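Here's the structure, in structure tokens; my notes come after.
Bear in mind that the values here come from a model prediction, so they are computed numbers and not experimental data. Residue numbers begin at 1 in each chain, while the letters A, B, ... track the order of the sequences.
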There are 2 protein chains.
Amino acid sequence: MAETGEGSRPGYSSAVELRGVGHGKREHAAASPPPPATDAAVLHSSVLDTIGEEITGDALPEGHVLTLEQIRERFGVSRTVARETMRILESMGLVRSRRRVGITVQPRASWNVYDPRVIWWRLSGPGRNAQLRSLTELRIAVEPLAAGAAARSASAAERERAVGIAATLRALGEAGDLDRFLEADIAFHTLLLQASGNEMFGALADVVAVVLQGRTQLGLMPHHPEPAALDLHEAVADAVAGGRPRDAETGMRELLAEVRHAMLPLWEPRTRKG
Amino acid sequence: MAETGEGSRPGYSSAVELRGVGHGKREHAAASPPPPATDAAVLHSSVLDTIGEEITGDALPEGHVLTLEQIRERFGVSRTVARETMRILESMGLVRSRRRVGITVQPRASWNVYDPRVIWWRLSGPGRNAQLRSLTELRIAVEPLAAGAAARSASAAERERAVGIAATLRALGEAGDLDRFLEADIAFHTLLLQASGNEMFGALADVVAVVLQGRTQLGLMPHHPEPAALDLHEAVADAVAGGRPRDAETGMRELLAEVRHAMLPLWEPRTRKG
DNA sequence: CCCAGCGATTGGTAACACCATTCTAGGGAG
DNA sequence: CTCCCTAGAATGGTGTTACCAATCGCTGGG
């Protein structure tokens, strides 16, 4: 479960940092992985991450029962910390705490799979491919409509910025600077999702960022971004700038069709157990 | 903020009950609103719901600062439960708790808007229309692809059940039995989302259920379901049963186009403040 | 203007009473 | 003898209280 090759610091910190990218205020970010640490307490996060990964991975299978005493002993924390951690896990649907019986691991169907931490945990464990596939399908569903909505309701600044990023993408793509290309790519998709005016779409910005990062980490990005992809980014940006929802939507659809195509080899093995 | 006309018992209980509908195991359910109460402790849920609604509504605006002492005093609970409640709220991104400063209400951008409880709270407060709109747009994005995926990978039982529910829908629709129609409608969409094989899609079943319920509650459902809608349900079911993803997808798209049309009057006023 | 120290407020620990739930053991009936 | 029902005990979460540690905003003094 450790072939990720990256630190495991899910949820907020990464979310914030990634959101910063697309927001246009802070120009750097997206390149600072370890520093900010977790938001609040360090004690919870540690045991939260550990148990979260164990549940979302295949250790701690559904039905497994934990007790506060075990947690307390295993992590050397107080009962209170164990309790609060379990409460969070319970609020994510990963466990269910009942009197006299303990803390039971819940079936996957009751997980909050849109919780950034759950997504992160699943991406850093086994089932990574399945998760990447699910998320990419979600992108394919949402992003075209988001692009269309952005073409309808983006602000002038956002439209301008979309065109700018598309140009940057072309420059970086042709130069072969993959790192910065990734960064700009994330910014592009984040911008469109948030400019859509639909918060449910906007909230997926983190997800898309994580997927894009995962994709490069897995070497699924072409060594040089394909010219067609660059063209499509520009086409979408132009459509958004010009207020042509239809074009933005279909452009994004084509863009994602390529993404899907590129990722196909990853999810043929029918990874999941079910 | 109390014109909902329905009890406020968000999140899990309703989620479970609704999920039961689409799952096909238990035939009843979906008709038992109050009994199961909240999952675990009753003490948390009470203050959690209250503060959650206050934040997601416009009381407690962004930047507002709470302290544990206030909570403790206001609800007459111990510091511990106040802390655990705040921890949950924090894990949903609604607040951020820092030493010496207190518990600060976070901007909407950092909320976990896919958390069932957040959705529920927002649906039962002001901004209900905006939320309904966001969720409907999400449906429009996701459900067509989910239907296509279901046509590709549903089990034999699921395909059969889809056709069955579609027939039931026609019968109930022509009979004008709106309550049961709603129930079957939820079951239909839930089934397709879960049969898609994509957990991210499947997890939206609760959302769709809530939206459908909200739609009827607001009287946006035609008194008699339109024949076209019945036809489309059957067409989608047939396409799923026959393994024709393309047809399932376009059928669902048309279906949702009608839904969108029916809801348009609701979201013209540009409800949101921003 | 800067710096130090105060004090407010959360973070974390510990020990307790309580109670719902489950399991088990015992006894009674068939 | 077997089965079932009940009563009680063991278990483990729920809620409360008290306490100390750590942090960090603010204020006041230099």
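- Note on His44(B): every side-chain N or O is 4.0 Å or more away from OP1 and OP2 of dT14(D).
- The separation between Glu73(A) atom CD and dA14(C) atom C1' is 17 Å, rounded to whole Å.
- Thr216(A) places a side-chain N or O within 3.5 Å of a backbone atom of Gln213(A) that can act as its donor or acceptor partner.
- Regarding Ile71(A), its CD1 atom lies at a distance of 13 Å from the P atom of dG12(D), rounded to whole Å.
- Counting any heavy atom pair closer than 4.0 Å across all strands shown, Thr67(B) reaches sugar-phosphate atoms only and no base atom.
- Among the atoms of the strands shown, only primed sugar atoms or phosphate atoms (P, OP1, OP2) are found under 4.0 Å from some heavy atom of Leu66(A).
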Each nucleotide of nucleotides 20-26 of chain C classed B (base within 4.0 Å of a protein heavy atom), S (only sugar-phosphate) or -, in 5' to 3' order, makes BBBS---
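- The CD-P distance, from Glu84(A) to dT14(D), rounds to 13 Å in whole Å.
- Of the candidate nucleotides dT17(D), dT16(D), dT13(C), dT17(D) has the atom lying nearest to any side-chain atom of Arg79(B).
- A search for side chain to side chain contact (heavy atoms under 4.5 Å, CB included) contacts involving Arg72(A) returns Glu69(A), Arg79(A), not counting sequence neighbours.
- In this structure, the CG atom of Leu68(A) is 12 Å from the P atom of dG15(D), given to the nearest Å.
- In this structure, the side chain of Trp111(B) engages the main chain of Gln106(B) through a donor-acceptor pair within 3.5 Å.
- When rounded to the nearest whole Å, the span between CD of Glu69(A) and C1' of dG12(D) equals 9 Å.
- For the side chain to side chain contact (heavy atoms under 4.5 Å, CB included) with Phe188(A), the qualifying choice from Leu192(A), Ile186(A), Thr190(A) is Leu192(A), the only one to do so.
- Contact annotation: Ser97(B) side-chain N/O to dG11(C) OP1/OP2 distance is under 4.0 Å.
- Counting to the nearest Å, the P atom of dT9(C) and the CZ atom of Arg83(B) are 16 Å from each other.
- Look at CD1 on Ile103(A): it is 17 Å from P on dT11(D), rounded to the nearest Å.
- Residues passing the side chain to side chain contact (heavy atoms under 4.5 Å, CB included) test with Pro107(B), sequence neighbours excluded: Glu62(B), Ser110(B).
- Note: CE (Met86(B)) to C1' (dG12(C)) measures 18 Å, nearest angstrom.
- Under the 3.5 Å distance criterion, the side-chain polar atoms of Arg117(B) are matched with a main-chain donor or acceptor of Ser91(A).
- Arg87(A) has a side-chain polar atom (N or O) that falls below the 4.0 Å cut-off from OP1 or OP2 of dT14(D).
- In this structure, Tyr114(A) contributes its side chain and Met200(B) its backbone to a donor-acceptor pair below 3.5 Å.
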